[in-house]
Amino acid sequence: MLAKRIIPCLDIKDGQTVKGTNFVNLRQAGDPVELGRAYSEQGADELVYLDITASHEGRKTFTDLVKRVAANINIPFTVGGGINELSDVDRLLSAGADKVSINSSAIRNPDLVDEIAKHFGSQVCVVAIDAKQTGTDWKCYLNGGRIETDKCLFDWAKEVNNRGAGEILFTSMNHDGVKNGYANEALSTLADSLTIPVIASGGAGCMEHFRDTFVNGKADAALAASVFHFGEIKIPELKQYLCKQGISVRL
């Protein structure tokens, strides 16, 4: 059985790590390079850096920050935000990133998923999906949760799976920052219908939530931000807890 991964997520705005609730009300959480180094030393399996205003403001992801992160950590990390073409991917991989995360650009130009997989390998291409549940429907959103689309979470996830994405990073906008647990029902549906790993995002508030998303949500990895940034959960303690619960993790 593959080990489940614990992934701190660092949302970057104006060069600083920030964290909000339901995608708004941002507060600062510290220097992204220093935080990344600390997480690397604590036993995080991977990191995700998202330039959360890049698509909205039409900017390119901060290449300089990626170089500094790469020089300071020794675990894989993914970079997202404002990636619209192959040259963006090339620039970020050259700066030291291991994977790229695309969201808005993939919805606007689905062929980009195929192109990244073909040129750089599927393992490089993480498709992030921000979706909100309304009634029984899960609708996908663009530009950091600002614009609703007509795409359904499950259909879109299947499409990018077939196009060559290496994994799906699914964030439930309903659960983001609320700390009531992950969207395990939707995650389980995704896990059952896809052939690639699914990363759970949105809702971590306690260690039990990580256990539940691995067991009930069938997630391959769990991503969280504020519980790590503000010291509410320590990664070594979380991994020891999961291990005692019979969940395979890298200690």
### Query
Could you go step by step and tell me if K118 and E115 meet the salt bridge (charged side-chain N to carboxylate O under 4.0 Å, His left out) rule?
CA-CA 5 Å; K118 181 180 166 192; E115 290 167 9; over 6 Å; no
### Task
List the steps and the verdict of side chain to side chain contact (heavy atoms under 4.5 Å, CB included) for R68 and D31.
CA-CA 11 Å; R68 285 166 47 220; D31 177 79; 3.9 Å; yes
### Task
Step by step, work out the side chain to side chain contact (heavy atoms under 4.5 Å, CB included) result for L50 and I12.
CA-CA 6 Å; L50 299 177; I12 308 300; over 6 Å; no
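No donor-acceptor distance shorter than 3.5 angstrom exists from the side chain of N143 to the backbone of R146, with no hydrogens or angles considered. Put simply, the side chain of D98 gets close to the backbone of F77: a donor and an acceptor are under 3.5 Å apart. Put simply, the side chain of S122 never gets that close to the backbone of A165: no donor and acceptor are under 3.5 Å apart. Looking only at distances, no side-chain donor or acceptor of D90 sits under 3.5 Å from a matching main-chain atom of L86. A distance-only check finds a donor-acceptor pair linking the side chain of K4 to the backbone of A219 [under 3.5 Å]. In this structure a side-chain-to-backbone donor-acceptor pair under 3.5 Å is present from Y49 to P32. Between the side chain of K239 and the backbone N or O of G43, at least one donor-acceptor pair lies under 3.5 Å. Not one N or O on the side chain of Y182 forms a donor-acceptor pair closer than 3.5 Å with the backbone of L187.
The shortest heavy-atom contact between G217 and A191 is O-CB, 4.2 Å. Heavy-atom minimum distance, K132 versus N174: CA-OD1, 3.3 Å. In terms of heavy atoms, S105 sits closest to L112 at OG-CD2, 3.5 Å. Minimum heavy-atom separation, S40 to N74: OG-OD1, 2.7 Å. I116 approaches C125 most closely through the heavy-atom pair CG2-CB, 3.7 Å. For the residue pair I75 and D45, the shortest heavy atom distance occurs at CB-O, 3.8 Å.
Scanning for side-chain hydrogen bond (donor to acceptor under 3.5 Å, both in side chains) contacts around T195 gives N161, with sequence neighbours left out. Evaluation of the salt bridge (charged side-chain N to carboxylate O under 4.0 Å, His left out) rule for D220 yields no partner, not counting sequence neighbours. Residues meeting the salt bridge (charged side-chain N to carboxylate O under 4.0 Å, His left out) test with K218, sequence neighbours left out: D192. Applying the ring pair (Phe, Tyr, Trp, His ring centres under 6.0 Å) test to F228 and every residue at least two apart in sequence or in another chain returns F210. For R5, the salt bridge (charged side-chain N to carboxylate O under 4.0 Å, His left out) test picks out E46, E167, with sequence neighbours left out. For the salt bridge (charged side-chain N to carboxylate O under 4.0 Å, His left out) test, no residue two or more places apart in sequence or in another chain qualifies with D137.
To the nearest 0.5 Å, the span separating CE on M173 from SG on C140 amounts to 10.5 Å. Interatomic distance, CG of L35 versus CD of Q16, reported as 9.0 Å (0.5 Å rounding). Note that CZ of R37 and CD of Q42 are 13.0 Å apart. Values are rounded to the nearest 0.5 Å. Distance CD/Q240 to NZ/K234: 15.0 Å, rounded to 0.5 Å. In this structure, the separation between CG on L238 and NE2 on H209 is 12.5 Å, given to the nearest 0.5 Å. The CD1 atom of I107 sits 4.5 Å away from the CG atom of L142 when rounded to the nearest 0.5 Å.
Between L190 and F154 the shortest side-chain heavy-atom distance falls below 4.5 Å. In this structure, the side chains of T78 and V100 stay at 4.5 Å or more apart for every pair of heavy atoms. For the pair Y141/I129, no side-chain contact is recorded, criterion being any heavy-atom separation below 4.5 Å from C-beta on. Between L223 and V48 there is a side-chain heavy-atom pair separated by less than 4.5 Å. Two residues are said to be in side-chain contact when any heavy atoms from C-beta on lie closer than 4.5 Å; C9 and D11 meet this criterion. V79 has its side chain out of reach of K99: every pair of non-hydrogen atoms, C-beta onward, lies at least 4.5 Å apart. Put simply, the side chain of L242 reaches to within 4.5 Å of the side chain of F214, judged on heavy atoms. By the 4.5 Å heavy-atom criterion applied to side chains, W156 and P110 are counted as neighbours.
A salt bridge links D88 with R91: the distance from a Lys NZ or Arg NE/NH1/NH2 to an Asp or Glu carboxylate oxygen falls below 4.0 Å. A salt bridge links R163 with D111: at least one charged nitrogen is closer than 4.0 Å to a carboxylate oxygen.
Classification of the W138-H175 ring pair by plane angle, with boundaries at 30° and 60°, yields parallel.
Crowding of L251 atom CG: a count of heavy atoms from other residues, nucleotides or ligands under 6.0 Å exceeding 12. Counting heavy atoms of neighbouring residues, nucleotides and ligands inside a 6.0 Å radius, atom CD of E208 exceeds 12 of them. For NZ of K139, the number of neighbouring non-hydrogen atoms (other residues, nucleotides, ligands) closer than 6.0 Å is greater than 12.
Applying side-chain hydrogen bond (donor to acceptor under 3.5 Å, both in side chains) to N184 and the options N216, T213, T189 leaves one that passes, T213.
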